[in-house]
Amino acid sequence: MYGLVDGNNFYVSCERVFQPRLEGRPVVVLSNNDGAVVSRSAEAKQLGIPMGAPFFKVRELLRQHQGHALSSNYVLYGDMSRRVMARLAAHVPAVEVYSIDEAFLDLHGLTTYCGTLDARVHSIRRDVLACTGIPTCVGVAPTKTLAKVANRLAKKHPELGGILRLDTPSRRERALRALPVADVWGIGYQYAGKLATHGIRTAWELSQVSEAWARKHLGGVVGWRLVQELLGQPCHGLLPSEDGTLARQSISCSRSFGQRLATFEDLWGAVATYLSRAAEKLRAQGDQAHILTVYISQDRYDTRVQPPYTRSATVTLPSGPTSNTLQLLAYAHRLLEKLYEPGRLYAKAGVVLDGLEPPGRGQQLSLFAPAAEALVPAPDTGRTQQLMHTLDTLNRRFGRGTVRPAATVVATGQAAPWQGKAQHKSQAFTTRLEDLMLID
DNA sequence: TCTGGGGTCCTAGGACCC
DNA sequence: TCTGGGGTCCTAGGACCC
């Protein structure tokens, strides 16, 4: 049996833990750049504010109802997430951290020790709320997809007390009949439209399609697995997360700029900043990368430039995998030179690190290394690794960006030209000493 | 005239998730 | 004026391998 725990309105809930004045009011949390709504309190949902709504379209509505809009504070949410996951791990044999606010639980054999499964799950919920302040809902079912179904219905129907268990055929059927097919895990915008044209409206109707039909219309084997999971046949096992974090197969960092950028120098500043961040994450995960992608693009909403200029370039590092920021920067500069076209206004840039593996597997060097030498910086040595370690240690202790590559630095007192907006950001209540709450 | 079978790697694209 | 960021998996086609 699987459990799926999901924080209610997670980002809003994190903010409310430290700002009780937000209780009972419409509250939204905004994406980077204060662009779009990414988390809504129940009151904000009641006002009809949709997920993903551009902030400028709902700002007035919020004001009229004494609501609040907050810039996203990922340092806070990440830390609160760790606390929630730590509580979950204390109760069950294995946890899969699925996202910042969701985790699958292995509930196998849980009832043999004390009470019913429901009682155990209720006590987990209570414990998470008491220890972290985050309210949750839990779905319990024999497959992950059904656990998601149960979770979704538990959220929709508060009278269930935050928990729904789907472990009998009749409970399962009743739930699937009650759930619109678009709410099924794995059915997105495109598939929902296609299913509608075939007269399939509920999760139950989806569960009754044939294997051939599922394979033909829902992305091959993916669609067939989905149907089987709805029928109670598990196709996806639990992937336990070590130490409460999720090991990634790729790491990226990208941002829309606060303003359009035209010069190579400004773009390079942005790319270098994002790459430094991505490399930090890479080292934090204890991995090296051997594939690097850089991309830049124009404003995708600018009707005068359609389609927008979007280009990416990828290199498989001839010098082998690395986590050295300086070495990655040298490659990234080459890639950006390939992509950059003068005379355009750019709105966004990003980097992706792929081909992740732990160090020390023995490096596969290019046969043509001598020819590529001109563009290959010196391979990692003990000294550069020591340098990165020192960099990370300093930045952990004194704050992110205290020591950083010169390419990312701007004149004192000036905001970086690529800097986005974040006008309503809360404090780092749990991770910065100066931001601790004071009670007098 | 006959023109296999079983692979890998890469890229691009499409769908999905939170 | 103002529309996010960070991920996953799968498929298909081409180049190439033995």
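Each chain gets a letter, A, B and so on, in the order its sequence line appears, and its residues count up from 1. What's counted below: heavy atoms across the whole structure, side chains too, no hydrogens, waters or symmetry copies.
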message: According to side chain to side chain contact (heavy atoms under 4.5 Å, CB included), who are the partners of A:Lys421, at least two apart in sequence or on a separate chain?
response: A:Asn33, A:Asp34, A:Gln423
message: When you compare the side chain of A:His333 with that of A:Phe264, does any pair of heavy atoms fall below 4.5 Å?
response: yes
- prompt: Going by atom types alone, do A:Arg225 and A:His236 pair a side-chain donor with an acceptor below 3.5 Å?
  reply: no
- line: Here the distance between atom C1' of C:dG6 and atom CG of A:Leu356, to the nearest Å, is 13 Å
task: Could you measure between the two P atoms, the one in C:dC18 and the one in B:dT3, and give it in whole Å?
output: 24 Å
task: Using whole Å, report how far CD of A:Gln190 lies from P of C:dC9.
output: 21 Å
message: Expressed as a whole number of angstroms, how long is the span from A:Leu218:CG to C:dC10:P?
response: 15 Å
message: Nearest to the side chain of A:Trp185, heavy atoms from C-beta on, is which of B:dC18, C:dG4, C:dG6?
response: B:dC18
task: Would you indicate, yes or no, if C:dG4 has its OP1 or OP2 atom less than 4.0 angstrom from a side-chain nitrogen or oxygen of A:Ser254?
output: no
message: Among C:dT8, C:dT11, C:dG5, which nucleotide has an atom closest to any side-chain atom of A:Ser256?
response: C:dG5
message: Does C:dG4 have its OP1 or OP2 closer than 4.0 Å to a side-chain nitrogen or oxygen of A:Tyr301?
response: yes
- prompt: Do A:His91 and A:Arg87 come close enough that some side-chain heavy atom pair is under 4.5 Å?
  reply: yes
message: Distance check needed: B:dC10 P versus A:Ile291 CD1, whole Å only.
response: 6 Å
task: Examine B:dC18: is either OP1 or OP2 under 4.0 Å from a nitrogen or oxygen in the side chain of A:Lys148? Give yes or no.
output: yes
message: So, OP1 or OP2 of C:dC9: does either fall under 4.0 Å of a side-chain N or O from A:Gln249?
response: yes
Heavy-atom check, side chain of A:Lys194 versus side chain of A:Gln190, under 4.5 Å: no
task: Answer with base, sugar-phosphate or nothing: what part of the nucleic acid does A:Arg59 contact at a heavy-atom distance below 4.0 Å?
output: nothing
- prompt: Relative to the ring of A:Phe104, is the ring of A:Tyr98 parallel (under 30°), tilted (30 to 60°) or perpendicular (over 60°)?
  reply: perpendicular
message: Students often get this wrong, so: under 4.0 angstrom with heavy atoms, is A:Asp101 touching a base, only sugar-phosphate, or nothing?
response: sugar-phosphate
Nearest-neighbour nucleotide for the A:Tyr191 side chain, C:dG7, C:dT11, B:dC16 considered: B:dC16
query: Of all the choices, B:dC16, C:dT3, C:dG7, which nucleotide is nearest to the side chain of A:Ala36 once you look at every atom?
result: C:dT3
query: Within the structure, does a side-chain N or O atom of A:Arg225 lie under 4.0 Å from either OP1 or OP2 of C:dC9?
result: no
- request: Please state whether the phosphate of B:dC17, meaning OP1 or OP2, lies under 4.0 angstrom from any side-chain nitrogen or oxygen of A:Ser99.
  value: no
Rounded distance in Å - CZ (A:Phe257) to C1' (C:dC2): 17 Å
- prompt: Which of the following nucleotides, C:dT3, C:dG7, C:dG4, is nearest to the side chain of A:Arg260?
  reply: C:dT3
- request: Whenever both distances are under 3.5 Å in a Watson-Crick or G-U wobble pair, mark it; put DNA chain C into dot-bracket that way, with [ ] for crossing pairs and | when the partner is on another strand.
  value: ....||||||||||||||
A:Asp101 side chain to A:Asn8 backbone, donor-acceptor under 3.5 Å: no
query: Once you round it to whole Å, what is the distance between P of C:dT1 and CG of A:Asp34?
result: 18 Å
field: First of A:Gly219 and A:Phe56 reached from the 5' end of DNA chain C, by closest nucleotide
entry: A:Phe56
- prompt: Under 4.0 Å: is that the gap between some side-chain N or O of A:Ser252 and OP1 or OP2 of C:dG5?
  reply: no
message: Below 30° counts as parallel, above 60° as perpendicular, anything between as tilted: where do the rings of A:Tyr11 and A:Tyr77 land?
response: parallel
- prompt: When the nearest nucleotide of DNA chain C is assigned to A:Met51 and to A:Arg215 on a heavy-atom basis, which residue is associated with the more 5' position?
  reply: A:Met51
message: With heavy-atom distances below 4.5 Å as the criterion, would you say the side chains of A:Leu62 and A:Ile49 are in contact?
response: yes
task: Return the value, rounded to whole Å, for the distance between atom CZ of A:Arg300 and atom C1' of C:dT3.
output: 7 Å
message: Whole angstroms only, please: what is the CZ-P distance between A:Arg255 and C:dG7?
response: 10 Å
message: So, OP1 or OP2 of C:dG5: does either fall under 4.0 Å of a side-chain N or O from A:Lys348?
response: yes
